[in-house]
Amino acid sequence: MTDHHPNAPLELTRATSNGPLAEQVQAPEDLDRHDGNVAAPAVERGQASMITVSDLSFYYGAVQALTDVSMRIPPRNVTALIGPSGCGKSTFLRCINRMNDLIEESRVEGSIHIEGQDIYSPQTDVVELRKRVGMVFQKSNPFPKSIFDNVAYGPRVAGIRSRTALEEIVESSLFQAALWDEVKDRLDASALKLSGGQQQRLCIARALATGPEVLLMDEPASALDPASTARIEDLVSELKEHYTIVIVTHNMHQAARVSDQTAFFFEGRLFEMSETAELFTNPKQKKTEDYIGGRFG
Amino acid sequence: MCAAVSVLTTLGIVVVLLSQARGFFQEVSLVEFFTDTRWTPLFEQKHYGILPLVSGTMLVAAGSALVALPVGLCTAIYLSEYAAPRFREVVKPVLEILAGIPSVVYGFVAVVFISPIIREIFPSADVFNAASASLVVGVMILPMVISLSEDVLGSVPQALREASCALGASQFETIVRVVVPAALSGIVASFLLAVSRAIGETMAVTLAAGATPNLTLNPLESIQTMTAYIAQVSMGETEHGSTGYNSIFAVGISLFVITLLMNLLSQWVLSRMREKYE
Ligand SMILES: Nc1ncnc2c1ncn2[C@@H]1O[C@H](COP(=O)(O)OP(=O)(O)OP(=O)(O)O)[C@@H](O)[C@H]1O
Ligand SMILES: [Mg+2]
């Protein structure tokens, strides 16, 4: 198998000082040798990898929450993360935009490359990284500001001052998040006055407004009614034309509906990962089968 | 029960103040009380214009706020957002101790150390002056501002900080654009509380600011605050029942009204913010 990563030369030059990484980049099949860790099938077929996670371990103080996770996520594609509560899905997601940096006494081992750039290297500008990697949190967390100011927050931080430019971004982001029609007449109203489902879509719009390439979504539909859930699922399917999406979900049907590939986490390890249809119809591991079948978790 | 006791006590105080002040207002007209620019109840030539005492009080309150609010808010932000939790745990109790220093000590420090320095820099300054009183009262209310503001900042949900960081904001931008605005109502309330405390402060200003009712905005001059006047007359030899003696009740009522207005203002600020965001 050859590596068609567009940034492969760059990665290889950086990796000269980092032997194991070069091996991983050149020979993704190596990843398969880690127990239970499987490279994304689309990547195996030779597609470029947007996000490459290598031997990632994460510790909250002395508690290890992730163990040796390796994964490749192709661009413009939806990856679902499933697994029982507490297995490390959110922790993994929060490693991809270095959100866990905010947690005192936490520690990361291994590496994550996004388009060939090692996001944990000292040269990486975390603020820039987070502009490229948007995040929608498990619990919706709008600012106590107006709807407009919520969505315009990222662009303003990025230095956009022009009112017309901001208005355009706010409208297109709300439109993409399927919220525009519901709020276009009350952009100055407090975001906290919106319903739970609307708040969640507002948070999606807010994340889109910074123009990210990757969108991390942590159970974006966990607290929503079926209609709002359906809207968010449609949204994910539309967004994947432009964004690389990683979505955590507890809902097997949702994972099956929206994702191209699914990763099953268990006790901090990536247990099994393959194309979604494959994983759901023909899981290789007994644990995966049991979890999907609803026998635990 | 507790509420009832405190309401009854407050009512009792108001009734006593009003009935005592009535005697005073039979002698002195409200017009003179509010418009005369001299306050000289203890002199031959008696004038009963409260303005000099009010201006003295406000001068010290404003001066101490100028010292305590910026420093207090910055320290609170540092403690809540930047300092390691262990450092914060050490500093908070130390603040409580600072808050427990008797105010007479602050007054002494103002007269013995601060005032000479001020006179060194501004030779025209009086020995007793509003500036030295403002400085020490500012330092006095500082622990209160820090402690209350830090509590409010600490209660801003971590999820808001994360949301801001996830959108590419630096920690400083997050503090300025999200954390402080989210905590603003509480911060304003802590400011108003601290300023009320400064207005009510007696001992330090009695020692440091002088005993010269003086309608001025110049902090280098000697002034007298409302509280200091009440203390002076209560402890002095003024004959009970005389107009001069009763004047302290009129001043007391005025002080009560000012503090009440401050509290109403803080209530109003808080409710305005809640309306906007809840
Ligand atoms: N801030 C934290 N400090 C310490 N331990 C944490 C912290 N956050 C999570 N953990 C622990 O790390 C482990 C993984 O948590 P994580 O939130 O990643 O699970 P999850 O798969 O997202 O679960 P859920 O499906 O319930 O959201 C859990 O055992 C949890 O208790
Ligand atoms: Mg989670």
Side-chain angles (χ1 to χ4, degrees), chain A residues 90 93-94 96-105 125-146 149-160 173 188-193 199 202-203 205-212 214-218, chain B residues 73 77-92 149-190 268-278:
Chain A
S90 297
L93 205 65
R94 292 163 56 94
I96 303 178
N97 67 345
R98 290 187 57 176
M99 212 58 211
N100 285 330
D101 287 16
L102 300 187
I103 293 173
E104 316 251 352
E105 305 193 355
D125 180 349
V126 187
V127 166
E128 278 310 310
L129 170 74
R130 293 188 185 135
K131 282 177 185 152
R132 292 175 59 199
V133 183
M135 178 165 229
V136 178
F137 291 81
Q138 187 158 358
K139 276 210 220 121
S140 70
N141 51 2
F143 298 125
K145 297 175 185 288
S146 73
D149 288 344
N150 262 274
V151 183
Y153 186 85
R156 278 184 175 140
V157 164
I160 299 178
S173 306
D188 289 331
S190 166
L192 303 184
K193 291 222 167 71
Q199 287 191 9
L202 179 72
C203 291
R206 188 173 66 178
L208 297 179
T210 53
V214 177
L215 194 56
L216 309 173
M217 304 175 100
D218 199 345
Chain B
L73 181 59
I77 289 174
Y78 172 76
L79 284 179
S80 151
E81 308 296 317
Y82 292 99
R86 248 172 269 127
F87 180 70
R88 185 161 56 228
E89 276 155 32
V90 174
V91 169
K92 287 278 269 189
S149 299
E150 202 270 334
D151 286 345
V152 180
L153 290 167
S155 68
V156 171
Q158 184 66 12
L160 292 184
R161 292 185 185 88
E162 292 190 342
S164 171
C165 287
L167 292 166
S170 64
Q171 189 179 9
F172 181 72
E173 284 167 330
T174 299
I175 291 167
V176 172
R177 289 167 180 266
V178 174
V179 180
V180 171
L184 196 60
S185 53
I187 292 173
V188 170
S190 79
W268 181 74
V269 169
L270 285 174
S271 69
R272 275 290 301 270
M273 305 230 172
R274 262 184 227 123
E275 232 169 68
K276 216 165 156 196
Y277 288 135
E278 279 167 22

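Predicted model only: the values in this text are computed from it and were never measured. These numbers come from the heavy atoms of this one structure, side chains and all, not from hydrogens, waters or symmetry mates. The sequence lines fix the lettering, A, B, ..., with proteins before strands; numbering per chain opens at 1.
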Can you see which heavy atom on B:Ala166 is nearest to which on A:Met99, and at what distance? N-CE, 3.8 Å

B:Leu160 and A:Pro142 have their tightest heavy-atom pair at CD2-O, 3.4 Å

Could you tell me which portion of A:Arg156 (side chain, backbone, both or neither) has an atom closer than 4.5 angstrom to a non-hydrogen atom of chain B? both

Between chain B and each of A:Arg132, A:Lys139, A:Arg206, count heavy-atom pairs under 4.5 Å; write down the option with the most. A:Arg206

Minimum heavy-atom separation for A:Tyr153 to B:Glu173, with atom names? OH-O, 4.0 Å

Heavy-atom distance under 4.5 Å to chain B: side chain of A:Glu128, backbone, both or neither? neither

For the candidates A:Asp149, A:Asp125, A:Thr210, A:Val157, which exhibits the highest count of non-hydrogen atom pairs separated by less than 4.5 Å from chain B? A:Val157

Supply the atom-to-atom distance A:Lys131 NZ to B:Leu167 CG, rounded to the nearest 0.5 angstrom. 10.0 Å

Counting only non-hydrogen atoms closer than 4.5 Å, does A:Val136 touch chain B with its backbone (N, CA, C, O), its side chain (CB onward), both, or neither? neither

Taking atom OH of B:Tyr82 as the centre, report whether more than 12 heavy atoms of other residues, nucleotides or ligands fall under 6.0 Å from it. yes

Given that the side chain runs from C-beta out, which part of A:Pro212 has a heavy atom under 4.5 Å from chain B: side chain, backbone, both or neither? neither

Rounded to the nearest 0.5 angstrom, the CZ-OG distance for A:Arg130 and B:Ser164 is 9.5 Å

Checking heavy atoms, do the side chain of B:Pro157, its backbone, both or neither come under 4.5 Å from chain A? neither

Hey, what do you get for CZ (B:Arg161) to CG (A:Asn141), rounding to the nearest 0.5 Å? 12.5 Å

Measure distances from A:Glu105 to the heavy atoms of chain B and classify the residue's part below 4.5 Å as side chain, backbone, both or neither. side chain

Can you tell me which portion of A:Phe137 sits under 4.5 Å from chain B's heavy atoms? Options are side chain, backbone, both or neither. side chain

